[in-house]
Amino acid sequence: QVQLVESGGGTVQAGGSLRLSCAATGRTFSTYAMGWFRQAPGKEREFVAGITSSGISTDYADSVKDRFTSSRDNAKNTVYLQMNSLKPEDTAVYFCAAGLGIRWSPRGYDYWGRGTQVTVST
């Protein structure tokens with residue numbers, strides 16, 4: 001079993017940066033691919049980024065490519081999402097999730113954190 005806790009959200013002006021962290025408990029963290037999703041009010045949860053268990057491969061939604069970077073430190077049981085050049089449309093609750101591979105569907109993940117709010121102001 002894996003428990004996930006996100007942190008690092010907050011309010012930032014457009015063009016600014018934030019780094020989200022997702023801390024995991026459980027000895028098997030390094031065997032899981034990790035995904036980042038976000039959900040804005042009235043919208044479905046959408047894939048943002050994913051990273052394989054080793055951290056060698058990543059994948060990004062087109063809307064965040066070249067602005068967001070996912071990384072992980074398996075020794076610290078933590079995955080990160082560095083978000084640069086933030087836009088108001090990035091405003092959402094951001095979730096991390098653990099699964100067997102990078103999947104764009106939320107159904108592809110077995111464990112979820114509770115989320116952290118990111119608000120980008122104009």
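For the single chain, residues carry numbers from 1 onward in sequence order. Worth saying up front: this structure is predicted, and the values here are computed from it rather than measured.
- For the pair Ser21 and Thr78, the minimum side-chain heavy-atom distance is below 4.5 Å.
- Ring-centre distance between Trp36 and Phe68: not below the 6.0 Å cut-off.
- For the side-chain contact (heavy atoms from CB on, under 4.5 Å) test, residues two or more places apart in sequence or in another chain that qualify with Gln39 are Arg45, Phe95.
- Here the side chains of Tyr60 and Val48 are not in contact, with every heavy-atom distance at 4.5 Å or above.
- For the atom pair Arg19 CZ and Leu81 CG, the distance stands at 10.5 Å (nearest 0.5 Å).
- Annotation: cation-pi pair Arg103/Tyr109 absent, no NZ/CZ under 6.0 Å from the ring centroid and within 45° of its normal.
- Put simply, the side chain of Leu20 reaches to within 4.5 Å of the side chain of Val118, judged on heavy atoms.
- Applying the side chain to side chain donor-acceptor pair (under 3.5 Å) test to Asp62 and every residue at least two apart in sequence or in another chain returns Lys65.
- Residues Thr31 and Leu100 form no side-chain contact, since every pair of their non-hydrogen atoms from C-beta on lies 4.5 Å or further apart.
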Practice item. Run the numbers on Val79 and Ser71 for side-chain contact (heavy atoms from CB on, under 4.5 Å), then give the verdict. Key: CA-CA 6 Å; Val79 63; Ser71 61; over 6 Å; no

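- To the nearest 0.5 Å, atoms NZ (Lys87) and CZ (Arg67) are separated by 4.5 Å.
- When side chains are defined from C-beta on, Leu86 does not count as touching Gln13, because their heavy atoms never get closer than 4.5 Å.
- For the pair Arg72 and Tyr32, the cation does not sit on the ring face, since its NZ or CZ is not both under 6.0 Å from the ring centre and inside 45° of the axis.
- Closest approach of Pro88 and Thr122 over heavy atoms only: CG-CG2, 3.5 Å.
- Heavy-atom neighbours of Gln3 CD from other residues, nucleotides or ligands within 6.0 Å: at or below the threshold of 12.
- In this structure, CD1 in Ile51 is found 9.0 Å from OG in Ser57, a value given to the nearest 0.5 Å.
- Between Trp104 and Glu46, the closest side-chain pair of non-hydrogen atoms is not below 4.5 Å.
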message = I'd like to know whether Glu6 forms a salt bridge (charged side-chain N to carboxylate O under 4.0 Å, His left out) with Arg114, so could you lay out the CA-CA distance, the side-chain angles of the two residues, the decisive distance to 0.1 Å, and finally the verdict.
response = CA-CA 7 Å; Glu6 303 92 340; Arg114 290 191 170 188; over 6 Å; no

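- If you take CG on Asp90 and OG on Ser85, they are separated by 9.5 Å, rounding to the nearest 0.5 Å.
- Within the structure, the salt bridge (charged side-chain N to carboxylate O under 4.0 Å, His left out) test picks out no pair touching residues 51-60 (sequence neighbours left out).
- Going from atom SG of Cys96 over to atom OH of Tyr80 covers 12.0 Å, rounded to the nearest 0.5 Å.
- The side-chain heavy atoms of Thr119 and Val12, taken from C-beta on, include no pair separated by under 4.5 Å.
- No hydrogens or angles considered: a donor-acceptor pair under 3.5 Å links the side chains of Asn84 and Ser17.
- Between atom OH of residue Tyr111 and atom CG of residue Leu4 there is a gap of 9.5 Å, rounded to the nearest 0.5 Å.
- No side-chain heavy atom of Arg38 sits under 4.5 Å from any side-chain heavy atom of Phe47.
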